[in-house]
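First the structure, in the form of structure tokens, and then the observations on it.
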Protein chains: 2
Amino acid sequence: VPLAERSQPGHPLGLHRVLDAKKRLPQAAEKIDNTLPIYPNEILLDVERLNIDAASFVQMEKETGGDPKAIAAIVQGNCEIRGKQQNKVTGSGGMLVGKVLQIGSAYQGPLSLKVGDRVASLISLTLTPLKLDAIKKVHLPTHQMEVKGTAVLFESSIAAKLPTDLPEALAMAVYDVAGAPATVDGLCEKGDTVVLLGAGGKAGVLSCVAARNKIGPGGKLIGIEPGAKAAEDLRGLGVCDAVLQLDATDSAAVHSGIHGATHGKMGDVVVNVVSVPDTEMSAILSANPRGKVLFFGMATSFTKVALGAEGVASSATLLFGNGYYPNHAEFAISLLRKSAPLKDLFLRRYGAA
Amino acid sequence: VPLAERSQPGHPLGLHRVLDAKKRLPQAAEKIDNTLPIYPNEILLDVERLNIDAASFVQMEKETGGDPKAIAAIVQGNCEIRGKQQNKVTGSGGMLVGKVLQIGSAYQGPLSLKVGDRVASLISLTLTPLKLDAIKKVHLPTHQMEVKGTAVLFESSIAAKLPTDLPEALAMAVYDVAGAPATVDGLCEKGDTVVLLGAGGKAGVLSCVAARNKIGPGGKLIGIEPGAKAAEDLRGLGVCDAVLQLDATDSAAVHSGIHGATHGKMGDVVVNVVSVPDTEMSAILSANPRGKVLFFGMATSFTKVALGAEGVASSATLLFGNGYYPNHAEFAISLLRKSAPLKDLFLRRYGAA
């Protein structure tokens with residue numbers, strides 16, 4: 001028996017599910033419609049797991065003192081009130097894993113899926129209609145939640161089938177930040193000096209491996225990571241020329257550390273994947289005048305970057321990170337398949353969640 | 001008689017004037033020291049005029065109902081409490097015009113100035129120690145204020161001598177947004193299709209002229225400007241192939257307008273210089289998949305850009321505007337010297353303030 005559908009197809013970008021008085025795209029909307037049945041050009045997912053964006057999860061941990069029940073209540077409340085999981089403070093979301101339940105009869109989007117496929121969404125939760133029946137478990141270390149619910153993909157939404165050779169929780173952790181290593185690969189050139197801030201975190205480690213692959217043995221890669229354990233993990237991969245244990249909010253210390261490690265040359269490419277605020281100047285001051293600075297942390301402030309660069313007369317090219325990059329999911333997974341130490345590290349950190 | 005100085009030189013980036021418990025750069029600081037005498041590697045200016053950043057001025061107009069006295073009180077209060085003019089809501093500042101009063105005996109910065117030179121600061125007011133004795137007049141149309149006070153330049157700060165062939169208020173208006181046309185010149189290539197959002201404003205008009213000069217007659221330039229008068233001014237310059245009177249916060253309308261005007265090709269370069277919030281998606285949706293999108297408006301939100309691009313799977317390159325660009329002041333002034341209609345428009349709008 002085919003599942004029910006509404007009568008007319010919706011807008012490819014999801015405008016038809018926006019409930020605000022002023023029509024905006026679903027991400028900018030205060031409230032979106034998360035109800036069923038789907039429109040005939042949508043895809044319905046049976047949601048099993050959420051992977052909350054790091055900046056958002058850290059904010060909720062601070063707000064609740066790290067209480068899993070209270071974090072679950074915030075997420076549940078967001079979905080009930082706004083029809084989506086979007087952190088009220090950071091504005092960020094995350095992604096989900098689920099099984100394809102229904103493909104609308106008029107769907108003409110880019111995805112080749114069939115009912116029963118297990119997929120991860122590659123667009124943000126901030127624009128995904130999400131209805132949660134239950135949050136079964138919150139995993140603090142991985143920022144993931146086991147849930148029961150449904151989500152809707154629009155015709156413009158993208159998703160990736162989960163690999164069968166890697167644990168699902170691991171694939172999801174990788175997909176969540178897949179835009180970063182793919183963008184780093186696109187930005188770096190052979191022989192570049194690269195500086196990574198937040199190098200020991202999930203996006204940081206993947207980006208370090210991508211950078212080293214691209215710059216080759218003649219390039220230089222310096223990681224900045226404040227945590228002792230994460231710094232040790234990163235050193236264990238053998239991809240960095242130096243791992244500096246510095247607080248990325250201390251721009252004077254970072255500038256001085258990078259100046260020393262590069263003998264004053266500074267970075268050709270600087271990548272900031274830090275999840276806490278006030279690390280913009282450290283990144284800007286780490287770049288040379290013809291350098292490129294890529295901001296991937298969701299705690300980045302536009303004005304702090306734009307005015308900060310002006311204030312120190314930096315002529316570096318300043319780039320927004322973008323969670324989407326062509327073939328980013330496949331690229332990130334391929335990094336793990338090609339590096340046993342990286343795969344082992346990710347299995348230890350994210351494989352068992 | 002030489003003016004007094006403190007005994008030891010300060011930090012080139014101005015760390016020595018930060019009064020917060022946690023040491024940060026002056027721009028990030030809550031409070032900086034605006035008192036005299038200067039440190040021996042600083043420059044002291046006799047301040048005559050402030051040019052408030054557009055996003056900041058519009059915010060203060062909204063907050064006060066457009067009352068010049070109330071706006072003056074806000075600016076005066078900021079300088080008294082924080083030692084600098086930085087808008088509490090937008091985080092942005094502006095720039096100033098003044099006369100060189102004193103050059104510290106140990107100054108080794110890049111500026112070749114002498115006492116008595118009239119200059120405009122090219123770094124933001126958000127990091128400039130500023131002491132205001134009086135605000136004499138607020139000019140609502142130009143976002144400028146006539147003041148009496150003193151400001152300090154650090155060794156890393158930059159400033160430009162005022163041209164003698166143009167009114168000061170005009171030069172200041174141009175310098176305030178000089179980063180935009182210079183960056184546009186750097187980004188565009190011959191034959192490009194360029195989309196400008198906020199095209200009829202100060203930064204918009206200069207950027208349109210810079211873009212047309214660079215893309216040549218074979219390129220295509222489309223301006224988006226909601227105001228009838230500003231759109232008419234822009235059309236009068238004869239540099240745009242089309243000027244569309246659209247609200248840049250209406251992303252569906254902008255996308256459709258640009259789709260029509262470019263026959264579906266969309267922009268190779270999209271420049272957003274709009275001063276109001278929620279115009280990020282209009283810019284992103286105006287670019288083609290290999291396009292570049294430059295955000296210059298101070299109301300830009302980092303998360304709205306980064307997550308917005310991800311949400312529609314845009315692979316465009318997303319760039320921060322930066323108020324500094326090498327030789328930007330000279331470049332912007334040269335645009336006026338080379339185009340009589342542009343100079344006339346700026347004289348009409350900003351010449352008499």
Side-chain angles (χ1 to χ4, degrees), chain A residues 11 13-15 22-28 55 86 90-93 110 122-124 126-128 156-158 179 249-252 255 278 280-281 285 289 293 295-296 298-326, chain B residues 11 13-15 22-28 55 86 90-93 110 122-124 126-128 156-158 179 249-252 255 278 280-281 285 289 293 295-296 298-326:
Chain A
H11 190 279
L13 293 170
L15 286 172
K22 182 173 177 183
K23 276 294 171 201
R24 296 187 278 202
L25 290 172
Q27 188 162 69
Q86 181 166 23
T90 66
S92 57
L122 298 178
I123 38 121
S124 172
T126 57
L127 63 105
T128 304
S156 65
S157 303
I158 52 170
T249 68
D250 187 343
S251 50
H255 176 256
D278 292 321
E280 294 87 354
M281 282 314 298
L285 292 174
V293 188
F295 292 90
F296 243 104
M298 280 300 134
T300 303
S301 151
F302 177 82
T303 47
K304 284 179 186 169
V305 172
L307 297 177
E310 182 190 64
V312 297
S314 165
S315 58
T317 300
L318 309 169
L319 295 150
F320 291 80
N322 173 351
Y324 174 72
Y325 196 94
Chain B
H11 189 279
L13 294 170
L15 286 171
K22 182 172 176 183
K23 276 294 170 201
R24 297 186 278 201
L25 289 172
Q27 188 163 66
Q86 182 166 24
T90 66
S92 56
L122 297 177
I123 39 121
S124 172
T126 57
L127 63 103
T128 304
S156 65
S157 304
I158 51 171
T249 68
D250 187 343
S251 50
H255 176 256
D278 293 322
E280 294 87 353
M281 282 315 298
L285 291 174
V293 188
F295 291 90
F296 244 103
M298 281 300 135
T300 303
S301 151
F302 177 82
T303 47
K304 284 178 185 169
V305 173
L307 297 177
E310 182 189 63
V312 297
S314 165
S315 57
T317 300
L318 310 169
L319 295 149
F320 292 79
N322 173 351
Y324 174 73
Y325 195 93

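Quick caveat: nothing in here was measured; it's all calculated off a predicted structure. Each chain gets a letter, A, B and so on, in the order the sequences are listed, and its residues count up from 1.
Listed here is the closest heavy atom pair of B:Leu15 and A:Ala252: CD1-CB, 4.2 Å. Here the closest heavy-atom approach between residue B:Gly323 and residue A:Glu310 is recorded as CA-OE2, 3.2 Å. Across every non-hydrogen atom of B:Asp278 and A:Arg24, the tightest pair is OD2-NH1, 4.4 Å. For the pair B:Phe295 and A:Phe320, the tightest heavy-atom approach, listed with the atom from each and the gap, is CD1-CE1, 3.7 Å. When all heavy atoms are compared, the tightest approach of A:Ile158 to B:Ala313 is CD1-CB, 4.1 Å. Shortest non-hydrogen contact noted between B:Thr249 and A:Lys22 is OG1-NZ, 3.2 Å.
Considering only heavy-atom pairs separated by less than 4.5 Å from chain B, the leading option among A:Val312, A:Val293, A:Leu25 is A:Leu25. The most heavy-atom pairs under 4.5 Å with chain A, out of B:Ser92, B:Ser157, B:Ser314, come from B:Ser314. For the set A:Leu318, A:Thr90, A:Thr128, A:Ile123, the count of heavy-atom pairs under 4.5 angstrom toward chain B peaks at A:Leu318. When the candidates A:Ser124, A:Ser156, A:Gly93 are compared by the number of heavy-atom contacts under 4.5 Å with chain B, A:Ser124 comes out ahead.
Taking 4.5 Å as the limit, some side-chain heavy atom of B:Ser315 sits within range of a side-chain heavy atom of A:Tyr324.
Using a 4.5 Å cut-off between heavy atoms, B:Leu285 touches chain A through its side chain atoms alone. For B:Leu319, the parts sitting under 4.5 Å from any heavy atom of chain A are the backbone and the side chain alike. For chain B, the nearby parts of A:Met298 are the backbone and the side chain; heavy atoms of each come within less than 4.5 Å. B:Ala55 does not touch chain A: none of its heavy atoms, backbone or side chain, sits under 4.5 Å away.
With hydrogens and angles disregarded, a donor-acceptor distance shorter than 3.5 Å links the side chain of B:Gln27 to the backbone of A:Leu307.
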